[in-house]
Amino acid sequence: MLHALEEVVETELNRHLRVAKEWMPHEYVPWSDGRNFDGVFGGEAWSPEQSRVSDISRISLVVNLLTEDNLPSYHHEIATLFGRDGAWGTWVHRWTAEEGRHAIVMRDYLLTSRAVDPVELERLRMKHMSAGFESDNSHSVLHSVTYVAFQELATRISHRNTGLHAGDPTCDRMLARIAADENLHMVFYRNLLAAALLLAPDQAMRAIADVVTGFRMPGHGMPGFERAAARIAIGGIYNLRIHHDDVLLPVLRHLKVLEVSGLGAEGLQAQDEIGRFMGGLDDQAKRFDERRAALLARRRNA
């Protein structure tokens, strides 16, 4: 499959390099707002009232940055699977370089604007990176391509919604810039997945079914992820409804996954699994929406 997709990778790589815009992380950081923290320079210790961003965005910013911080592990995973030669290798290194900018600008913004506790952030980074990351899909090129097609879109949505909820235009502008990169990454992988559906429709459909039904965000192993994810869901940044409507459904519809014909028995079974799962997920999202609305109403009336 690596060899079969090589020509498509080269085409998509060239397209990506034409449309990707150069940007400088330092231009999105309000450096004049910065001042020394306590420690060797004897500055001011961090306290929550110094943060300009909302409580929910502060939680999401930490989760999003810790996810970006694990880039060395992600690079190892995809470089091992996709290789370091040819168009695949060029893409792997380019993707890594672009993702590296995201962690740089986010950390610089968070520390300069005093948006989060720098001590807690560093301790969480050490724990998260020390544990490393192992992909759920490293056994299969098709599963890996499928996963990142959805995951890059999920990351874009998470960054964008975090910025919209932040209450700080500087934060919103920075995360919008990052989200634009993530969208280009999604398009790259989505187009690879489209090619895979033509080359090996049954195997690709099985990969889509497995990934869609078992999807987990790459930060799932970080300390306190479940609690943070629950608060992010209630806060409207990323939850079941958003996952269904804004991540899974757009990719499935773009690829016309449920309309693919000429499948064998394996592909037909996988296609049916996807359809049934999406219906069940929509029902779960409706129940979540009802519980969330009731909880928010109670909070307003408390």
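The model shown is predicted, which means the values in this text are computed figures rather than measured ones. Just the heavy atoms: all of them, side chains too, but no hydrogens, waters or symmetry mates, feed the values below.
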Quiz item: With no hydrogens and no angle check, is any side-chain donor or acceptor of Asn36 less than 3.5 Å from a backbone partner on Gly43?
Solution: no
Quiz item: With no hydrogens and no angle check, is any side-chain donor or acceptor of Ser60 less than 3.5 Å from a backbone partner on Ile56?
Solution: no
Practice problem: Please check if the side chain of Trp46 supplies one atom and the backbone of Arg114 the other of a donor-acceptor pair under 3.5 Å. | Solution: yes
Quiz item: With side chains defined as the heavy atoms from C-beta onward, is the minimum distance between Phe150 and Leu248 less than 4.5 Å?
Solution: yes
Quiz item: Using the ring of each side chain (for Trp, its six-membered ring), is Trp95 parallel, tilted or perpendicular to His185, with breaks at 30° and 60°?
Solution: tilted
Exercise. Consider only side-chain N and O atoms of His75 and Thr96, and report whether a donor and an acceptor are under 3.5 Å apart.
Key: yes
Practice problem: Indicate whether the side chain of Asp181 and that of His102 have a donor and an acceptor atom separated by less than 3.5 Å. | Solution: yes
Quiz item: To the nearest 0.5 Å, how far apart are CG in Leu197 and CG in Leu263?
Solution: 8.5 Å
Quiz item: Counting heavy atoms not belonging to Glu7, are there more than 12 under 6.0 Å from its CD?
Solution: no
Quiz item: Closest approach of His143 and Val211, non-hydrogen atoms and distance?
Solution: O-CG2, 3.6 Å
Quiz item: Quick one: do the His93 and Glu98 side chains pair a donor with an acceptor below 3.5 Å?
Solution: no
Self-check item: Centroid-centroid distance, His26 to Trp31, less than 6.0 Å
Solution: no
Quiz prompt | Within 6.0 Å of CZ in Arg253, more than 12 heavy atoms from elsewhere | solution = no
Quiz item: Between Asn137 and Thr146, does any side-chain donor sit less than 3.5 Å from a side-chain acceptor?
Solution: no
Practice problem: Check whether any side-chain heavy atom of Val92 sits under 4.5 Å from a side-chain heavy atom of Arg84, and report yes or no. | Solution: no
Quiz item: Just by distance, do the side chain of Glu77 and the backbone of Ser135 share a donor-acceptor pair under 3.5 Å?
Solution: yes
Practice problem: Please check if the distance between the ring centroids of Tyr74 and Phe133 is under 6.0 Å. | Solution: yes
Quiz prompt | Check: Glu99 side chain, Leu71 main-chain N or O, donor-acceptor pair, under 3.5 Å | solution = no
Quiz item: In the single-linkage hydrophobic clustering (I, L, V, M, F, W, Y; side-chain heavy atoms under 4.5 Å), do Leu199 and Met205 co-cluster?
Solution: yes
Quiz prompt | Validation row: Arg15, Phe188 side chains within 4.5 angstrom (heavy atoms) | solution = yes
Exercise. Using modelled atom types only, decide if a donor and an acceptor are shared between the side chain of Tyr147 and the backbone of Val212 within a distance under 3.5 Å.
Key: no
Practice problem: Flag the pair Arg125 / Leu121 as yes when at least one side-chain heavy-atom distance between them is below 4.5 Å, and no otherwise. | Solution: no
Quiz item: Does NE2 belonging to His3 count more than 12 external heavy atoms closer than 6.0 Å?
Solution: no
Quiz item: Got a donor-acceptor contact below 3.5 angstrom from the His165 side chain to the Asn161 backbone?
Solution: yes
Quiz item: When you look at CD of Glu134, are more than 12 heavy atoms from neighbouring residues, nucleotides or ligands closer to it than 6.0 Å?
Solution: no
Quiz prompt | Test ring pair (Phe, Tyr, Trp, His ring centres under 6.0 Å) applied to His243 - qualifying residues, sequence neighbours left out | solution = Phe215, Tyr238
Quiz item: Would you say the side-chain atoms of Gln50 and Glu44 include a donor-acceptor pair closer than 3.5 Å?
Solution: yes
Self-check item: Min side-chain heavy-atom separation Lys21-Arg177 under 4.5 Å
Solution: yes
Quiz item: Hey, is the main chain of Asp168 close enough, under 3.5 Å, to the side chain of Asp172 for a donor-acceptor pair?
Solution: no
Quiz item: So, does Asn14 use its side chain to make a donor-acceptor pair with the main chain of Glu10 at under 3.5 Å?
Solution: yes
Self-check item: Exam field: side chain Ser57 to backbone Val53, donor-acceptor pair closer than 3.5 Å
Solution: no
